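Below: one structure, written as C-alpha cells.
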Amino acid sequence: MILDLFSLKGKTAAVTGANTGLGQGIALALAEAGARTALVGRSPMDETLEKIKAAGGEAFPVKADLADVSVCQGIVDQTVAKYGGLDILVNNAGIIRRADSIEFTEKDWDDVLNVNLKSLFFLSQAAAKLFLKQGRGGKIINIASLLSYQGGIRVPSYTSSKSGVIGLTRLLANEWARHGICVNGIAPGYMVTNNTEALRRDPVRHQAILERIPAGRWGLPSDLGGTAVFLASPASDYLHGFTIAVDGGWLGR
Ligand code: NAD
C-alpha cells in the first residue's frame, strides 16, 4: 500500500534542538508517524515530551550542547543504548547572530558556525558510521534556510553556515547514497519561532516579509511535519542530496 511507505513504525529518530520551534514540530511529526524519538539539545525537553506522549508516541531526552563537537558520538551512543539503534537523524539545532558585517565579531562567527555547520557534520558522521554498521541504510535531514540560496542582511555567519549546509548535504549524499543513506535537506521559509522573534518585533521588516510570501502568512512549525516524515520514510528512498524549500512560495517569487 502506498501509504505504508510513509510510516515510521519500528524506526528510531534523533532530532536536535527539539525543545521548541521547528525541531519540536518535526519531532512531534516523526513520533506521530511511529518513530521512537531521541530529543537532543541543551534545554529541557518537557514540553515536547508531553506533546509526544499526548499523541501516543515515544520519546526520551538526550542532554547535549552542540556548541562542542565532542558531544556528537555520545548522542548516537545514548540513542542506541535506549532504543537499540538509529535510523533517522534530523540536524535542526541552529542559532543566529545579527549585526552589521562591518562590526561583526569573531565570536559571533565561531558560535554560529560551530552549532550550525561543524556539529551538523560530525553528528552526521557519527550517525553514518552507525548506519554502515547496522547495514540497513538511514536518513539524514539537514535544516537549511532561505539563506542557503539568498544572501540575507546583517547575518554573515548564519548565511555562511546555511549555505554550507546545502553544499554539505549534496556532498554527503554523493558519498553515502550507495550505502542506502539518504542525505537531504529542508529549507524553511520565514517561520514563527524564537529564531525570527527580532524580525517579527520590527513592524517594518515583519510587514515587508509578509507581503513577499505568496502564501500570505508566516510558516508554523507544523508546516514542516509532512516534509520531514516524507524525507524520513521509505517514500523518499531514491531522493538524495536535495533540499526542499517549505517556504510558502518565497523562493519562486
Ligand atoms: P529556535 O531558536 O526556536 O530553535 C533553535 C533550536 O536549536 C532550539 O531547540 C535550541 O535549543 C537549539 N540549539 C541552539 N543552540 C544549541 C546548542 N548549542 N546545543 C543544542 N541545541 C541548540 O529556532 P527555530 O526557528 O526553531 O530553528 C530551528 C532550525 O531552523 C535552525 O537551524 C534555524 O536556523 C532553522 N531555520 C529557521 C527559520 C525560521 O524562520 N524560524 C528559517 C529557516 C531556518
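Counting starts at 1 for both ligands and their atoms, in listed order. For this chain, numbers begin at 1 and follow the sequence in order. Side chains are part of it too, since the values below use all heavy atoms of this structure and drop only hydrogens, waters and symmetry mates. The shown structure was predicted, so the numbers you read here are calculated from the model rather than taken from an experiment.
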Give the single entry among [options] that approaches [atom] most closely by any heavy atom.
| atom | options | value |
| --- | --- | --- |
| atom 31 (C) of ligand 1 | Val71, Thr20, Asn92, Val165 | Asn92 |
| atom 35 (C) of ligand 1 | Leu66, Ile143, Leu147, Asn91 | Ile143 |
| atom 43 (C) of ligand 1 | Pro188, Gly41, Gly94 | Pro188 |
| atom 27 (O) of ligand 1 | Ile95, Leu120, Asn195 | Asn195 |
| atom 20 (C) of ligand 1 | Ser43, Gly17, Ala64 | Ala64 |

| message | Show the nearest heavy-atom pair for residues Val192 and Trp218, with the distance to one decimal. | response | CG2-CB, 3.7 Å

| message | For Asp223 and Arg217: C-alpha separation, side-chain torsions, deciding distance, then whether salt bridge (Lys or Arg N to Asp or Glu O under 4.0 Å) applies. | response | CA-CA 12 Å; Asp223 285 316; Arg217 65 171 176 87; 2.9 Å; yes

| said: Side chains of Thr16 and Asn92: any donor to acceptor distance under 3.5 Å? | reply: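 No, no side-chain donor-acceptor contact under 3.5 Å.
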
| task | For the residue pair Asp68 and Ser70, confirm or rule out a side-chain donor-acceptor distance under 3.5 Å. | result |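 Indeed, the side chains of Asp68 and Ser70 share at least one donor-acceptor pair under 3.5 Å.
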
Could you list which atoms of ligand 1 come closer than 4.0 Å to a heavy atom of [X]?
| X | result |
| --- | --- |
| Ala144 | 43 (C), 44 (C) |
| Tyr158 | 33 (C), 34 (O), 35 (C), 36 (N), 43 (C), 44 (C) |
| Thr196 | 39 (C), 40 (O), 41 (N) |
| Asn194 | 2 (O), 3 (O) |

| said: With a cutoff of 4.0 Å, is Gly189 in contact with ligand 1, counting heavy atoms of the residue only? | reply: yes

| For ligand 1, is Trp218 a contact, meaning one of its heavy atoms is under 4.0 Å away? |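 It does not; every heavy atom stays at 4.0 Å or beyond.
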
| Linked hydrophobic residues, Met1 as query - side chain contacts closer than 4.5 Å |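 When side chains under 4.5 Å apart are linked, Met1 ends up in no cluster with other residues.
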
[atom1]/[X] to [atom2]/[Y] distance, rounded to the nearest 0.5 angstrom?
| X | Y | atom1 | atom2 | value |
| --- | --- | --- | --- | --- |
| Ile140 | Leu89 | CD1 | CG | 5.5 Å |
| Ile181 | Ser124 | CD1 | OG | 10.0 Å |
| Leu123 | Ile75 | CG | CD1 | 5.0 Å |
| Leu146 | Met191 | CG | CE | 9.5 Å |
| Phe121 | Asn116 | CZ | CG | 16.0 Å |

Identify the closest protein heavy atom to [atom]: which residue and atom is it, and at what distance?
| atom | result |
| --- | --- |
| atom 9 (O) of ligand 1 | Asn19 OD1, 2.4 Å |
| atom 26 (O) of ligand 1 | Leu22 N, 2.8 Å |
| atom 16 (C) of ligand 1 | Arg42 NE, 3.4 Å |
| atom 40 (O) of ligand 1 | Met191 N, 2.8 Å |
| atom 18 (N) of ligand 1 | Asp65 OD1, 2.7 Å |
| atom 24 (P) of ligand 1 | Thr193 OG1, 3.4 Å |

| Working for side chain to side chain donor-acceptor pair (under 3.5 Å), residues Ser236 and Lys139 | CA-CA 9 Å; Ser236 60; Lys139 302 277 184 173; 3.1 Å; yes

| query | How about Ile153: does its CD1 atom have over 12 heavy atoms from other parts shown lying under 6.0 Å from it? | reply |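 Check fails, neighbour count at 12 or below.
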
With a heavy-atom distance limit of 4.0 Å, tell me whether [X] approaches ligand 1 through its side chain, its backbone, both, or neither.
| X | result |
| --- | --- |
| Pro221 | neither |
| Gln24 | neither |
| Val115 | side chain |
| Ala93 | both |

[X], any N or O under 3.5 Å of ligand 1 N or O:
| X | answer |
| --- | --- |
| Leu146 | no |
| Asn116 | no |
| Ser145 | no |
| Tyr190 | no |

| task | Let me know which of Gln134, Arg136, Lys11 forms a side-chain hydrogen bond (donor to acceptor under 3.5 Å, both in side chains) with Asp87. | result | Arg136

| query | Parallel, tilted or perpendicular: which fits the ring planes of Trp250 and Tyr190, with parallel below 30° and perpendicular above 60°? | reply |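 Tilted, since the angle between the ring planes falls between 30° and 60°.
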
| Would you say Ser163's side chain and Ser160's backbone share a donor-acceptor pair under 3.5 angstrom? |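 Pair absent, no side-chain N/O of Ser163 close to backbone of Ser160.
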
